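Right, one structure below, let's go through it.
Each chain gets a letter, A, B and so on, in the order its sequence line appears, and its residues count up from 1. Not measured: the values here are computed from a predicted model.
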Protein chains: 2
Amino acid sequence: MDHSKRTSDLVEFFKVLGEPNRLRIVGLLAQRAYTVEQLGAALGVGVSTVSHHLTRLAGAGLVSARSESYYNLYSLKTSALSDMAKTLLAQAQPVRPESEQELSDYDRKVLATFTTSDGRIKTFPMQERKFRVLLRHILPSFSHGVRYTEKRVNEILSKYNDDTARLRRWLVDFGYMAREGGGGKYWRVDEREASAG
Amino acid sequence: MDHSKRTSDLVEFFKVLGEPNRLRIVGLLAQRAYTVEQLGAALGVGVSTVSHHLTRLAGAGLVSARSESYYNLYSLKTSALSDMAKTLLAQAQPVRPESEQELSDYDRKVLATFTTSDGRIKTFPMQERKFRVLLRHILPSFSHGVRYTEKRVNEILSKYNDDTARLRRWLVDFGYMAREGGGGKYWRVDEREASAG
DNA sequence: CGACTATTTCTATAAGTATCGAAATACTTC
DNA sequence: GAAGTATTTCGATACTTATAGAAATAGTCG
């Protein structure tokens, strides 16, 4: 079973459920199968409207129909709902900052040595190359084009190590962040400039 | 934490996510915080449009904002997504037929004695009163106003007991279902008529 | 306080769609 | 095959809303 979906499918799924009568239909079909006329009576709308809604629900894979004598009996495909729940839960776990995915073996090894499992920095390596790995590990917590107050910078850095003052100065010294003379504002420096520093 | 929601809140939640650019915003904010201008550049739309979308996302409890120097930094409230996932999973389990909720202590005791935990009928009681409890236990599987073929009736009854032929005749004899003379079609009888039978 | 910046609010427009009633279709029954 | 039933499709209308641009607001910096 594949829980991944194209973005357009996701949009369609939400759009289909984002209409009061369709959501009521889903609620009714969760209990038992209904005919089009029964649904119309329950909702207080015409059968053509119900038919329209059922078409959209079926298009999103939320309902299925079977024929029974005169009638078409519609029922809920509960698997569609549970699949979507799993997709939502996956989204709910924020992507681990850019790192992780594209890290070299070397970087991964350095991080394993000098950080805890939750990403905090245990000790600072002496070698500059390893040191920069740690600084780049921190960097994704800052957005490009945003001017941070010193207070806010410290708040963010405190997630990684208690010595926020030294971390802050190092980020500037190694060219990853810049500091404004007067106002005490900081911002993230463009990648190329930083690696040149 | 309360995972229940009013229906109108649910509709709003889905409606908010059922728009391509808003869903893209959620995807971006799942990775890090963004300013309004950054989002506008990423999506290729004007800032006023982004602001509008963020207002709706915030209204559904999906994003929060904090002020930083010039900027408002928006971030995703992942708890909203996981709460919704739980709500969806709850819906995915079909409600146990009308029973359960409104059963008398007597009915519950009878069902406990003569049915298995998954609702199948183990043996048939001799007393008519208890017997009717079992038949009413089956009844919610049939919709009002629908004419079922005998084949379909047997399919449904087979969920409760292998002796579908006897079950089917009993339902008719006790006045819960009616049978058409010629075509062999069955339908559920109105409650009041049935209890009079 | 005055200059400047990001964001929000306002206004108007265009696109999408929920709804109904009528006509067309599909299927059952006799 | 003809009559009857449920459902779908079609056509028209009303309502919602995504969008951009301009004006108003809120905040920062010097």
Side-chain angles (χ1 to χ4, degrees), chain A residues 11-12 14-25 33-41 43-60 63 65-74 143 145-152 180-187, chain B residues 8 11-12 14-25 33-41 43-60 63 65-74 143-152 180-187:
Chain A
V11 170
E12 181 62 16
F14 287 123
K15 196 180 291 188
V16 162
L17 256 43
E19 204 281 328
N21 278 335
R22 277 197 291 265
L23 201 57
R24 291 174 68 193
I25 289 177
Y34 278 76
T35 70
V36 178
E37 276 204 337
Q38 289 173 341
L39 287 172
L43 301 183
V45 300
V47 288
S48 62
T49 302
V50 173
S51 182
H52 166 68
H53 286 320
L54 287 171
T55 300
R56 295 211 61 176
L57 285 165
V63 306
R66 72 181 142 79
S67 195
E68 186 67 60
S69 177
Y70 286 147
Y71 314 84
N72 284 359
L73 278 177
Y74 282 88
S143 295
V146 173
R147 306 176 72 217
Y148 296 89
T149 63
E150 183 168 304
K151 178 169 165 294
R152 180 65 193 158
E180 191 181 36
K185 291 296 174 60
Y186 294 76
W187 62 92
Chain B
S8 58
V11 171
E12 182 63 15
F14 288 122
K15 196 179 294 187
V16 162
L17 257 41
E19 204 281 328
N21 278 334
R22 279 197 290 265
L23 202 57
R24 291 174 67 193
I25 289 177
Y34 278 76
T35 70
V36 178
E37 276 204 337
Q38 290 173 339
L39 287 172
L43 302 183
V45 300
V47 288
S48 62
T49 301
V50 173
S51 182
H52 166 69
H53 287 319
L54 288 171
T55 300
R56 296 209 62 176
L57 284 166
V63 306
R66 71 182 143 80
S67 193
E68 186 67 58
S69 177
Y70 286 147
Y71 313 83
N72 284 0
L73 278 177
Y74 282 88
S143 295
H144 287 288
V146 173
R147 306 176 74 217
Y148 297 89
T149 62
E150 183 168 303
K151 178 169 164 294
R152 178 68 191 156
E180 190 181 36
K185 290 296 174 62
Y186 295 76
W187 62 92

Of all the choices, [options], which nucleotide is nearest to the side chain of [X] once you look at every atom?
{"X": "Tyr71(A)", "options": "dT7(D), dT17(C), dT8(C)", "value": "dT7(D)"}
{"X": "Ser48(B)", "options": "dT9(C), dT19(D), dT7(C)", "value": "dT9(C)"}
{"X": "Arg22(A)", "options": "dT8(D), dA18(C), dT8(C)", "value": "dA18(C)"}
{"X": "Glu37(B)", "options": "dA6(C), dT19(C), dT7(D)", "value": "dA6(C)"}
{"X": "Val36(B)", "options": "dT7(C), dT8(D), dA18(C)", "value": "dT7(C)"}
{"X": "Lys15(A)", "options": "dT19(C), dT7(D), dT17(C)", "value": "dT17(C)"}
{"X": "Arg56(A)", "options": "dT19(D), dA18(C), dC20(C)", "value": "dA18(C)"}

Return the [atom1] to [atom2] distance between [X] and [Y], rounded to the nearest 0.5 Å.
{"X": "Ile25(A)", "Y": "His53(A)", "atom1": "CD1", "atom2": "NE2", "value": "6.0 Å"}
{"X": "His52(B)", "Y": "Arg22(B)", "atom1": "NE2", "atom2": "CZ", "value": "6.0 Å"}
{"X": "Tyr34(B)", "Y": "Leu54(B)", "atom1": "OH", "atom2": "CG", "value": "12.5 Å"}
{"X": "Tyr71(A)", "Y": "Thr35(A)", "atom1": "OH", "atom2": "OG1", "value": "7.0 Å"}

Length of the line joining [X]:[atom1] and [N]:[atom2], which is rounded to integer Å:
{"X": "Leu57(B)", "N": "dA18(D)", "atom1": "CG", "atom2": "P", "answer": "10 Å"}
{"X": "Leu39(A)", "N": "dA6(D)", "atom1": "CG", "atom2": "C1'", "answer": "13 Å"}
{"X": "Arg24(B)", "N": "dA18(D)", "atom1": "CZ", "atom2": "C1'", "answer": "14 Å"}
{"X": "His52(A)", "N": "dA22(C)", "atom1": "NE2", "atom2": "P", "answer": "20 Å"}
{"X": "Arg147(B)", "N": "dT5(D)", "atom1": "CZ", "atom2": "C1'", "answer": "10 Å"}
{"X": "Glu19(A)", "N": "dT17(D)", "atom1": "CD", "atom2": "P", "answer": "11 Å"}
{"X": "Trp187(B)", "N": "dT28(C)", "atom1": "CH2", "atom2": "C1'", "answer": "15 Å"}
{"X": "Leu73(B)", "N": "dA26(D)", "atom1": "CG", "atom2": "P", "answer": "20 Å"}

ask   = Looking across every strand, which nucleic acid part, if any, lies under 4.0 Å from Ser67(B) by heavy atom: base, sugar-phosphate, or nothing?
value = nothing
ask   = With sugar-phosphate meaning primed atoms plus P, OP1 and OP2, does Val50(B) contact a base, only sugar-phosphate, or nothing at under 4.0 Å between heavy atoms?
value =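 Result for Val50(B) = nothing.
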query = What heavy-atom pair brings Arg147(B) and Trp187(B) nearest, and what distance separates the two atoms?
reply =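 Nearest heavy atoms, Arg147(B) then Trp187(B): CA-CB, 4.4 Å.
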ask   = Which residue lies toward the 5' end of DNA chain C, Tyr34(B) or His53(A), if each is placed at its nearest nucleotide?
value =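 The answer here is Tyr34(B).
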Below 4.0 angstrom from OP1 or OP2 of [N], is there any side-chain N or O of [X]?
{"X": "Thr49(B)", "N": "dT19(D)", "value": "no"}
{"X": "Tyr74(A)", "N": "dT8(D)", "value": "yes"}
{"X": "Asn72(A)", "N": "dA26(C)", "value": "no"}

query = Where do Glu19(A) and Arg56(A) land on the side chain to side chain contact (heavy atoms under 4.5 Å, CB included) test, with the steps shown first?
reply = CA-CA 11 Å; Glu19(A) 204 281 328; Arg56(A) 295 211 61 176; over 6 Å; no
